[in-house]
Number of protein chains: 2
Amino acid sequence: MTEPVQRRARATRANLVAAAESIVAREGFGALRVEQVVKAAGVAKGTFFAHFADKDVLMEQLVAKRISRLLDALQTARRPSSAKGLAATLGPIVELLTCERYVFDLVQRASLADGPVAEALSRLDLILTGWFGGLFGAPPFRTDLPPKVMAEGIRAFTLMAMARHVANPGKGTNPGRALAVHVEAFLMPPE
Amino acid sequence: MTEPVQRRARATRANLVAAAESIVAREGFGALRVEQVVKAAGVAKGTFFAHFADKDVLMEQLVAKRISRLLDALQTARRPSSAKGLAATLGPIVELLTCERYVFDLVQRASLADGPVAEALSRLDLILTGWFGGLFGAPPFRTDLPPKVMAEGIRAFTLMAMARHVANPGKGTNPGRALAVHVEAFLMPPE
DNA sequence: GAAACGAATTGACCATGGTCATGTTTTGCG
DNA sequence: CGCAAAACATGACCATGGTCAATTCGTTTC
């Protein structure tokens, strides 16, 4: 639960994480079962819950790691120069978070609390805020709003677009396009 | 699951709903257990799942009914004349949806799919769209955006404000104020 | 009203996340 | 070292949502 101090415990924890990662890679996040993890790691079930308050804590950690990897790429990307470009830039992250309903629900629950997912996403906010420039804004986007508020707006729109997408499987919803509409509407200066 | 055709089955279903409503009134949504409901209704567990695909389907129905009652009041209310007023107007609904984390998660999952909750919320969208006026907009709000897009924006901001609130219990977050900030920023013309 | 057939109901059973009293290993200390 | 305390691990057990083959009930047909 808290960081283990003995070498044995650190190894156990690492085994659990490795086992979980391997299962996720093979069968997806939603298919992971605690029993499966502990069996693969060669420990008892109780041990799992001695290391993670609940299943979600482990899953958050795994998802956050994936998000972080995508953000590493984003960070070196060029600042997009249009609403559409901005929406497209978020594409890989949207894809990760909507790859499974289970993942999206997890992220949604975790995105505004404390924890690794929230941390990862606040890193995204930082990148966006940077793109929107300093106190005086950065065209072509609106220049009258604090970048922080704009970043929060993007977050809200992204979450909604993704929510619509995962709530209507097979209905051909396009989160990227929906997102672009809202970003366009709210982050570009009205004419 | 589908509407029952025999009188007996209709009565069973009504009993289940009544039992559930009574439990919710007494102990809240999150505390409701299927076992408890079937015991109170005097039927077997399997009967519950013959009438409702899963627990959530029943809960959605109950929550939607509550939302609808609040909307009846909203519908007769005067159109708010400021962003702050608009946020305040949504207060009762926000309060209902954030009264329990369980409720919020349920609503969030259901809000963009098919079902009674989505239906109730689309009624809210209709009211909002009405307030934002016809094709040419209605001051003091922005007049350059389709009312539908504005209503969707409000929905996104409301969901995010509520999510932050339920994700940080006891932290004194104020969904109404957070909402007002975003509504102000995005729905009022920039100056 | 008896046969036949689908609707409705039953309850034992299952899957799975989570708990906890107990046992084992490691560490720090005299 | 010897030993007590803390950290760690165990697995039987529990809570709860959900399944399904078997059974009972209601309705239709002749």
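Every heavy atom of this structure was used, including side-chain atoms; hydrogens, water molecules and symmetry mates were not. Residue numbering restarts at 1 for every chain, and letters A, B, ... go by the order of the sequence lines.
- A donor-acceptor pair shorter than 3.5 Å cannot be found between the side chains of B:Arg8 and B:Thr12.
- When the side-chain nitrogen and oxygen atoms of A:Thr47 are compared with OP1 and OP2 of D:dC8, none of them lie within a distance under 4.0 Å.
- Among the protein residues, B:Ala9 comes within range of the sugar-phosphate backbone only, with heavy atoms under 4.0 Å from sugar or phosphate atoms but none that close to a base.
- Comparing C:dG18, C:dT16, D:dG18 by their closest approach to the side chain of A:Arg33 singles out C:dT16.
- In the set D:dT10, C:dA8, D:dA7, C:dA8 carries the atom at the smallest distance from any side-chain atom of B:Pro4.
- The CE-C1' distance, from B:Met59 to D:dG18, rounds to 16 Å in whole Å.
- In this entry the distance linking CZ of A:Arg10 with P of D:dA9 reads 12 Å, nearest Å.
- Between B:Gln36 atom CD and D:dG18 atom P there is a gap of 15 Å when expressed in whole angstrom units.
- For the pair B:Thr12 and C:dA8, the criterion of a side-chain N or O lying under 4.0 Å from OP1 or OP2 is not met.
- In this structure, A:Lys45 does not reach the D:dG11 phosphate: none of its side-chain N or O atoms is under 4.0 Å from OP1 or OP2.
- Looking at A:Lys84 and A:Glu184, no side-chain N of the basic residue comes within less than 4.0 Å of a carboxylate O on the acidic one, giving no salt bridge.
- Between D:dC25 and B:Arg8, no contact under 4.0 Å exists linking OP1 or OP2 to a side-chain N or O.
- Ring centroids of B:Phe104 and B:Phe29 are separated by 6.0 Å or more, keeping the two rings apart.
- Taking atom NZ of B:Lys39 as the reference point, atom P of D:dG17 lies 14 Å away to the nearest angstrom.
- Of the charged side-chain nitrogens involved, none lies within less than 4.0 Å of a carboxylate oxygen, so that A:Arg10 and A:Glu3 do not count as a salt-bridged pair.
- Of the residues near DNA chain D, B:Phe49 and A:Glu3, the one whose nearest nucleotide (by heavy atom distance) lies more toward the 5' end is A:Glu3.
- Rounded to whole angstrom, the span from the OH atom of B:Tyr102 across to the C1' atom of D:dG17 amounts to 11 Å.
- Counting only heavy atoms from C-beta on, B:Gln6 has its side chain closest to C:dG6 among C:dT16, C:dG6, D:dG17.
- Checked against the 6.0 Å centroid criterion, the rings of B:Phe186 and A:Phe186 qualify as a close aromatic pair.
- Between the CZ atom of B:Phe48 and the C1' atom of D:dT19 there is a distance of 14 Å, given to the nearest Å.
- For the pair A:Phe52 CZ and D:dA9 C1', the interatomic distance rounds to 15 Å; values are reported in whole Å.
- Dashed line: the shortest gap from a side-chain N or O of A:His51 to OP1 or OP2 of D:dC8 is not under 4.0 Å.
- For the pair A:Arg13 CZ and D:dC8 P, the computed distance is 10 Å after rounding to whole Å.
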